[in-house]
Visitor: 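Provided herewith is a single structure, encoded as structure tokens, for subsequent inquiry.
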Amino acid sequence: METMHELIPFAKEMLSQKPNRKMVKLYMLGSVLAFFGVVIGLVETVCSPFSSQPSLEDEEDKNKAGAVREQQQREDLVLAKGKAQPALQRALVTRQHAS
């Protein structure tokens, strides 16, 4: 609120000095950009609760579930290899005896 009290005397002083056109355009451009920044910030603040972007907690849960799933797949693969090797060895032994 203090800047508002400083801004009004500054604007009065600028108008009393009759600034050149270039400076007026520069101040107007800055004011318009600042206004748009405030509007965009307000819109973002109001709309952020309704965004469909997942929260950080949701991403952590997904990562944990993915890690558990990947670990289970590794265990299943190791078990499948363990069962397949004796069968493969029996097939090779049977093939050698048949020759």
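Since the model is a prediction, treat every value here as computed from it, not as a measurement. All values below come from the heavy atoms of this structure, side chains included, with hydrogens, waters and symmetry mates left out.
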Visitor: Val43: which residues meet the side chain to side chain contact (heavy atoms under 4.5 Å, CB included) condition with it, sequence neighbours left out?
Guide: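 Result, side chain to side chain contact (heavy atoms under 4.5 Å, CB included) vs Val43: Val39, Cys47.
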Visitor: Look at the side-chain heavy atoms of Ile, Leu, Val, Met, Phe, Trp and Tyr, link any pair under 4.5 Å apart, and say whether Phe10 and Met23 land in one connected group.
Guide: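 Yes; tracing contacts between hydrophobic side chains, which count when under 4.5 Å, links both residues.
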Visitor: By the rule that ILVMFWY residues connect when side-chain heavy atoms come within less than 4.5 angstrom, directly or transitively, which residues belong alongside Ile40?
Guide: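 Same cluster as Ile40: nobody, lone residue.
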